[in-house]
Amino acid sequence: MKKVFGELKITWPKLLIASVLIGIYTACSVLIPITRHTSFSDLSATFEVWILFGILIIVNSKSNKESALKCFVFFLISQPLIYLIQDIVEHTNLFQTYYSTWFIWTLFCLPMGYLGYYMKKDKWWGLLILTPILVLLGFQYNYYLYTLKFTFPKHILTVLFCLLTLIIYPLYIFKDKMVRILGLIISTLIIIIFTIMSFINDNVYSTEVLISGNKYQFDNTCSVTNYDESIGDLSIKLIESINDYSIHGEFKKEGKTSFVLECPEYKKIFDLTVKNSTYDIEERAE
């Protein structure tokens, strides 16, 4: 581990090749259905893995200038490549829509890479440079731990990755015993605080699954029965803003279920797939 955090030879050719390969992998991870919305594609949306890449470049650089330039070039290549590949494959417009934000982060890589190099001086103020990164990593940990309650076991690897790197960074970036102990205390406090925050509120997805209309007319004389109540609850509810009824869902986790809508005039069965913040519904053929 010590070799990884300070003894790797990250030459410019290696950096350029890694930038391209990581960009390609990230794009593929959101294009392949089996890895989409899992820990293997989380780096396409959040920072935890990119933090690791940035720190590895910094601690294996030989000067402030080299650290800043290598961080900048790495993100300058990898990030647009992710969106460009998705645009080519799926005929989307992600590069124009999202890359402007990532380009701002890429520009910040210059000062962050330059200042980050001072962590190698093994002084207490190096921990001040690392602490904001640890807090950012804590927010990523909090988000995925909160999401994990709804999507388990999806994202569990990302949660473990955040936990592990929160401990590893202060332990292996610094050599001074006191700095390492203070760093571990900070990381431990971050883990405790964000763990508590993630469990304060339940992760419940509330949505209108079906609204009464031309195809399915229903009101409070009808009933709805969910076959798998472990996923969540369904009820018929009046939406006052449109003065019509809906089947309202309060979902606690992802999964597949079916429900019956029974009215005096008809009875319909629907298959329902609940996902994180979305769902698919299909009427079952009679």
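Side chains included, hydrogens not; waters and symmetry mates left out as well; all remaining heavy atoms used.
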(Q) I'd like to know whether Ile211 forms a side-chain contact (heavy atoms from CB on, under 4.5 Å) with Ile242, so could you lay out the CA-CA distance, the side-chain angles of the two residues, the decisive distance to 0.1 Å, and finally the verdict. (A) CA-CA 10 Å; Ile211 296 177; Ile242 62 174; 4.1 Å; yes
Q | Distance-only donor-acceptor check, side chains Thr158 and Ser39, under 3.5 Å | A | yes
Q | Test item: Ser29 and Arg36 side chains (from C-beta on) under 4.5 Å apart, heavy atoms | A | no
Q: Ignoring hydrogens and angles, tell me if any N or O in the side chain of Lys70 forms a donor-acceptor pair with the backbone of Ile10 under 3.5 Å.
A: yes
Q. Is it true that Glu254 and Lys154 make a salt bridge, defined as a side-chain N closer than 4.0 Å to a carboxylate O?
A. yes
Q | Whether over 12 other heavy atoms sit under 6.0 Å from Phe150 CZ | A | yes
(Q) Just verifying a value: how many Å separate Leu137 CG and Phe161 CZ, rounded to the nearest 0.5 Å? (A) 7.5 Å
Q: Look up atom CD1 in Ile129 and atom OH in Tyr117, then write down how far apart they are to the nearest 0.5 Å.
A: 12.0 Å
Q | Between NZ on residue Lys9 and NZ on residue Lys14, distance to nearest 0.5 Å | A | 8.0 Å
(Q) Can you tell whether the side chains of Glu66 and Lys62 come within less than 4.0 Å, N to carboxylate O? (A) no
**Q.** Phe47: ring-ring contact (aromatic ring centres under 6.0 Å, His included) partners, not counting sequence neighbours
**A.** Trp102, Trp105
**Q.** Asn60 side chain to Leu8 backbone, donor-acceptor under 3.5 Å
**A.** yes
Q.
Tell me whether Asp122 contacts the main-chain N or O of Phe174 through its side chain, where contact means a donor paired with an acceptor under 3.5 Å.
A. no
Q) Under 3.5 Å, is there a donor-acceptor pair between the Arg284 and Ser258 side chains? A) yes
Q) Ala68 and Leu110: which non-hydrogen atoms are nearest, and at how many Å? A) CB-O, 3.2 Å
Q. How far apart are the closest heavy atoms of His248 and Thr207, and which atoms are they?
A. ND1-O, 3.4 Å
Q | Side-chain heavy atoms of Leu238 within contact of Asn220, under 4.5 Å | A | no
Q: Considering non-hydrogen atoms only, spot the tightest contact between Gly138 and Ile190 and give its length.
A: CA-CG2, 3.7 Å
Q. If you draw a 6.0 Å radius around NE2 in His37, do more than 12 non-hydrogen atoms from other residues or ligands fall strictly inside?
A. no
**Q.** Distance-minimising heavy-atom pair for Phe95 and Pro80
**A.** CE1-CB, 3.5 Å
Q | Verify same cluster id: Leu272, Val260 (apolar side-chain graph, 4.5 Å) | A | no
Q) Nearest 0.5 Å, what's the CG-SG distance between Leu136 and Cys162? A) 9.5 Å
Q. Can you find a heavy atom in the side chain of Tyr169 that is under 4.5 Å from one in the side chain of Leu130?
A. yes
Q. So, does Trp124 use its side chain to make a donor-acceptor pair with the main chain of Val179 at under 3.5 Å?
A. no
Q.
With heavy-atom distances below 4.5 Å as the criterion, would you say the side chains of Arg180 and Tyr172 are in contact?
A. no
Q.
Would you say that more than 12 heavy atoms from the other residues, nucleotides or ligands in this model lie under 6.0 Å from the CG of Asp202, or not?
A. no
(Q) Donor-acceptor check, side chain of Thr278 to backbone of Lys275, threshold 3.5 angstrom: yes or no? (A) no
Q.
What's the separation between atom CE in Met197 and atom CG in Leu145, rounded to the nearest 0.5 Å?
A. 11.0 Å
**Q.** Shortest non-hydrogen separation from Leu127 to Leu182 and the atoms involved
**A.** CD2-CB, 3.7 Å
Q: Tell me, with the steps shown, if Phe251 and Asp233 meet side-chain contact (heavy atoms from CB on, under 4.5 Å).
A: CA-CA 6 Å; Phe251 301 113; Asp233 299 319; over 6 Å; no
Q. Would you say Leu157 and Leu148 are hydrophobically clustered, going by side-chain heavy atoms of ILVMFWY under 4.5 Å?
A. yes
Q: Taking all non-hydrogen atoms of both residues into account, name the closest pair between Lys252 and Gly232 and its distance.
A: CE-CA, 4.1 Å
Q: State whether the number of non-hydrogen atoms from other residues, nucleotides or ligands found under 6.0 Å of Phe40 atom CZ is greater than 12.
A: no
Q) For Phe259 and Tyr227, what are the C-alpha separation, side-chain angles and deciding distance, and is it a ring-ring contact (aromatic ring centres under 6.0 Å, His included)? A) CA-CA 6 Å; Phe259 68 89; Tyr227 286 166; 8.7 Å; no
Q. For atom OH of Tyr266, is the number of surrounding heavy atoms from other residues, nucleotides or ligands below 6.0 Å larger than 12?
A. yes
Q) So, does Ser67 use its side chain to make a donor-acceptor pair with the main chain of Tyr114 at under 3.5 Å? A) no
Q: Evaluate the criterion side-chain contact (heavy atoms from CB on, under 4.5 Å) for residue pair Leu16 and Val73; output intermediate values, then yes/no.
A: CA-CA 8 Å; Leu16 296 175; Val73 170; 3.8 Å; yes
Q. Is it true that Trp125 and Ile181 fall in one hydrophobic cluster, defined by side-chain heavy atoms closer than 4.5 Å?
A. no
Q) Below 4.5 Å, heavy atoms only, C-beta onward: do Tyr216 and Phe270 meet side chain to side chain? A) yes
Q. Looking just at side-chain N and O atoms, do Glu90 and Thr92 make a donor-acceptor pair shorter than 3.5 Å?
A. no
Q: Count the heavy atoms of every other residue, nucleotide or ligand shown that sit under 6.0 Å from CG of Asn243, and state whether that count exceeds 12.
A: no
Q. Would Ile156 end up clustered with Leu164 when hydrophobic side chains under 4.5 Å apart are linked, directly or stepwise?
A. yes
Q. Backbone N or O of Val209 within a donor-acceptor pair of the Tyr279 side chain at under 3.5 Å?
A. yes
Q) Less than 4.5 Å apart, any side-chain heavy atom of Ile247 and any of Glu208? A) no
Q) Is there side-chain contact between Tyr99 and Ile104, with heavy atoms separated by less than 4.5 Å? A) no
Q. Any donor and acceptor pair, going by atom type alone, linking the side chain of Ser41 with main-chain N or O of Val30 inside 3.5 Å?
A. no
Q.
Taking the two cysteines Cys263 and Cys222, do their sulfur (SG) atoms come closer than 2.5 angstrom to each other?
A. yes
Q: Using the rule that two of Ile, Leu, Val, Met, Phe, Trp, Tyr join whenever any of their side-chain heavy atoms come within less than 4.5 Å, decide whether Ile167 and Ile55 are in one cluster.
A: yes
Q. If you round to the nearest 0.5 Å, how far is CG of Leu171 from OG1 of Thr165?
A. 12.5 Å
Q.
Ignoring hydrogens and geometry beyond distance, is a side-chain donor-acceptor pair present between Thr151 and Asn276 at under 3.5 Å?
A. no
Q: Walk me through it: do Cys71 and Met112 pass the test side-chain contact (heavy atoms from CB on, under 4.5 Å)?
A: CA-CA 9 Å; Cys71 285; Met112 287 191 295; over 6 Å; no
Q.
Using a 6.0 Å cut-off, check whether atom CD1 of Ile34 has over 12 heavy atoms from anything other than its own residue.
A. no
Q | Sole candidate of Tyr141, Phe139, Tyr146 that passes ring-ring contact (aromatic ring centres under 6.0 Å, His included) when paired with Phe194 | A | Phe139
Q) Is Tyr144 close to Leu160 at the side-chain level, that is, under 4.5 Å between some pair of heavy atoms? A) no
Q: Look at atom CD of Gln217 and say whether more than 12 heavy atoms of other residues, nucleotides or ligands are closer to it than 6.0 Å.
A: yes
